[in-house]
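These notes concern the structure reproduced below.
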Amino acid sequence: MATFLSPSFQLRNLVRDLHVHLGLLASPFVLLFAVSTPLLNHTWIPWKGTSNWIVVSTSRPIVLQEDLGGLEQAKRVLSQLQIVGEIQYVNRRKDSLVIPVKRPGREFRVKVDLRRQEATVKSRSIGFWNKLFYLHKSPGPHNAAIRGNWLPTRIWRWIVDTVVYILLFLSASGIYLITLIRAKRRTGLICIGAGFVSFIGILVHLLGIL
Amino acid sequence: MVRIWIDRLHIYIGLYFVVFIWLFSLSGLLLNHPRWEFAQFWSEREELTYKMSFESVGEAGDLSRARSMMDQFSLVGEIDQVTTYADGRFKFRAVKPGHIIEVVTNTNSDSVSVKEITTNSWGVLHLLHSFNGVEFGKAEKQRDWVLTWVWVIAMDGLCVGLAVVVTSGIYMWWCMPGKRALGILSFCLGTFGCFVFVFALG
């Protein structure tokens, strides 16, 4: 039977309960990242990739407002076309506006003819694995000025941030809990030390520090 | 006996990967918040440009030519974006976390222009998160530096470790009858949230 040190049982039990329940809460998200990472690292998907583009509609009349900025104009266009998703960027050309839109599982490419005020919409399914990749990388560092223009993207950012904070807590609480179990403390600290040495060893060579 | 081994796997694998978890958690946080002022790195970069002479040894292929130049100049990194222009110029980029090298040469000349870009620690963190030498949709981009492979294997190992820790954790929780009710609530909440984003939003 494991022998515990003196810190109050209440604190130990609280930390252990938080470790268990926060771990359970975060576990599906951690698995999402754990599964998607090796596939991204090896550019391989087991089945059903991205489908071909399908033209959903052409020459849809669009009402444009001239005094709007790129993002607001794009939102207005999407609202009229009843398309929801995260606007990736807005490419304003002389006579056209190109608006790529993505949401988990589907992407759209909207091209607006500014002279005729008409929109052509293409759509395609991106498949289950690409959905995971999209969520793994979302919202991401690119086009920071407009990123989070769709509410679910902002919610996903909050969720992922929360998972990160939970992971940091889980690792810290795990270290705390192992120091309380005399029978496992030594092996636990050796494992932490081995991980630290591995990490530093790889980084020293990768970064060319020495 | 099974419970004891699963308990040990959860604890010891989790503890081994603690530092890796911290790195990817923190770097992931930075990637999702590119506007955090304290973590800016690109505007803080240092650039150094210089010319060097080189000796072509008749390499076959752009990648071999780039690798030969790097060896001659004692540069290291993952070669990226190799381009040969119609006017004879040859350009490539080599990357390692915190350090980017851009080399441009005219194949009719025996000199090259080298630009070295060095970022601060935040830049290193950013690139460590996604440094794998490959990219979906670009089959020509392959890993060519052994340390890139080492880092990728470390990342894959972390993912396997996390999967083991998560599944063993779920098993260990299930073996605690007193915590099942609240645990089911926590697990279902997390699963529901994941389900909405993976399946319902598409």
Side-chain angles (χ1 to χ4, degrees), chain A residues 17 20-35 37-38 40-43 103-106 125 128 131-133 135 139-142 144 147 152 156-157 159-161 164 167-168 170-171 174-175 178 184 187-189 191-192 194-196 198-199 202-203 205-208, chain B residues 8 11-23 25-26 28-32 34-35 76 96-99 124 126 128 132 134-136 139 147 150-152 154-156 158-160 162-163 166 169-170 172-173 176 179 182-183 186-187 189-191 193-195 197-199 201-202:
Chain A
D17 288 349
V20 169
H21 298 302
L22 290 177
L24 288 167
L25 180 67
S27 55
F29 300 97
V30 172
L31 281 178
L32 185 153
F33 288 103
V35 166
T37 298
L40 282 166
N41 278 346
H42 301 282
T43 58
R103 62 178 193 239
R106 187 156 287 277
S125 161
F128 173 75
K131 228 188 290 193
L132 296 191
F133 301 155
L135 287 170
H142 304 297
R147 194 51 66 236
W156 181 250
R157 175 188 275 148
I159 289 174
V160 172
D161 284 358
V164 164
L167 273 176
L168 293 174
L170 292 176
S171 54
I175 294 172
I178 201 63
K184 293 181 180 161
T187 310
L189 293 176
C191 287
I192 295 171
F196 183 76
S198 310
F199 178 78
I202 295 172
L203 273 200
H205 289 90
L206 188 61
L207 304 181
Chain B
R8 286 176 184 171
I11 292 172
Y12 298 138
I13 290 178
L15 289 173
Y16 177 84
F17 282 115
V18 152
V19 188
F20 292 88
I21 291 170
W22 287 347
L23 172 82
S25 298
L26 288 172
L29 208 54
L30 294 178
L31 282 165
N32 269 352
R35 297 174 118 177
V76 291
K96 70 177 188 187
H99 197 214
V124 173
H126 268 79
L128 278 174
N132 62 11
V134 294
E135 197 174 329
F136 260 106
L147 288 175
V150 170
W151 188 242
V152 165
M155 280 201 267
D156 290 349
L158 172 63
C159 293
V160 171
L162 280 174
V166 166
I170 292 171
M172 288 163 67
W173 154 68
M176 294 189 272
K179 299 193 191 304
L182 192 55
S186 304
F187 186 67
L189 196 59
T191 305
C194 215
F195 178 87
F197 280 87
V198 175
F199 295 106
L201 281 183

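Only this structure's heavy atoms are used, side chains among them; waters, hydrogens and symmetry mates stay out. Naming convention: chains lettered A, B, ... in sequence-line order (proteins, then strands); numbering from 1 in each chain. None of these values were measured; they are calculated from a predicted model.
For B:Leu128, the side chain to side chain contact (heavy atoms under 4.5 Å, CB included) partners are A:Leu203, A:Leu206, B:Leu23, B:Pro97, B:Val124, B:Trp151, not counting sequence neighbours. Contacts of B:Leu189 classified as side chain to side chain contact (heavy atoms under 4.5 Å, CB included), with partners at least two apart in sequence or in another chain: A:Leu25.
Per-residue counts of heavy-atom pairs under 4.5 Å with chain A were compared for B:Leu158, B:Ile11, B:Ile21; the largest is that of B:Ile11. For the set B:Leu182, B:Ile13, B:Leu30, B:Val152, the count of heavy-atom pairs under 4.5 angstrom toward chain A peaks at B:Leu182. Taking chain B as the reference chain and counting heavy-atom pairs below 4.5 Å, the highest number among A:Val20, A:Leu167, A:Leu207, A:Thr37 is found for A:Leu207. Your options are A:Leu189, A:Thr187, A:Leu31, and the one with the most heavy-atom pairs under 4.5 Å with chain B is A:Thr187. Counting heavy-atom pairs closer than 4.5 Å to chain A, the top residue among B:Leu15, B:Val150, B:Asn132 is B:Leu15. Chain A forms more heavy-atom pairs under 4.5 Å with one residue of B:Val76, B:Val134, B:Leu29 than with any other, namely B:Leu29. Contact tally against chain B (heavy-atom pairs below 4.5 Å) for A:Gly105, A:Gly23, A:Gly188: the top residue is A:Gly188. Considering only heavy-atom pairs separated by less than 4.5 Å from chain A, the leading option among B:Val18, B:Leu26, B:Leu201, B:Leu162 is B:Leu201. The greatest number of non-hydrogen atom pairs below 4.5 Å with chain A, out of B:Glu135, B:Lys179, B:Met155, is found for B:Lys179.
Residue contact with chain A, scored on non-hydrogen atoms closer than 4.5 Å, is absent for B:Met172. In this structure, chain B has no heavy atom under 4.5 Å from any part of A:Ala26. Looking at A:Ile192, the atoms closer than 4.5 Å to chain B (heavy atoms on both sides) sit in the backbone and in the side chain alike. For chain B, the nearby part of A:Ile159 is the side chain; its heavy atoms alone come within less than 4.5 Å. Both the backbone and the side chain of A:Ile175 come within contact range of chain B, with heavy atoms under 4.5 Å apart. For a residue to count as touching a neighbouring chain, one of its non-hydrogen atoms must lie under 4.5 Å from one of that chain's; by this rule B:Tyr12 touches chain A with backbone and side chain alike. Heavy atoms closer than 4.5 Å to chain B are found in both the backbone and the side chain of A:Leu40. Neither the backbone nor the side chain of A:Val35 comes within less than 4.5 Å of any heavy atom in chain B. Contact of B:Phe199 with chain A is made through backbone and side chain together, with heavy-atom distances under 4.5 Å.
Contact record, A:Ile202 with B:Ala154: CD1-CB, 3.9 Å, taken as the closest heavy-atom pair. Of all heavy-atom pairs spanning A:Arg157 and B:Asn32, the tightest one is NE-O, 3.1 Å. When all heavy atoms are compared, the tightest approach of A:Leu135 to A:Trp156 is O-NE1, 2.9 Å. Nearest heavy atom pair, residue A:Val164 against residue B:Ser25, reads CG1-O, 3.6 Å. For the pair B:Trp22 and A:Ser171, the tightest heavy-atom approach, listed with the atom from each and the gap, is NE1-OG, 2.7 Å.
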With side chain to side chain contact (heavy atoms under 4.5 Å, CB included) as the test, would you mind laying out the steps for A:His42 and B:Asp156 before giving the verdict?
CA-CA 10 Å; A:His42 301 282; B:Asp156 290 349; 2.5 Å; yes

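Open room surrounds NE2 on A:His205; 12 or fewer heavy atoms of other groups in view lie less than 6.0 Å from it.
To the nearest 0.5 Å, the span separating NE2 on B:His126 from CG on B:Leu31 amounts to 5.0 Å.
Counting heavy atoms from C-beta on, the side chains of A:Ser198 and B:Tyr16 come closer than 4.5 Å.
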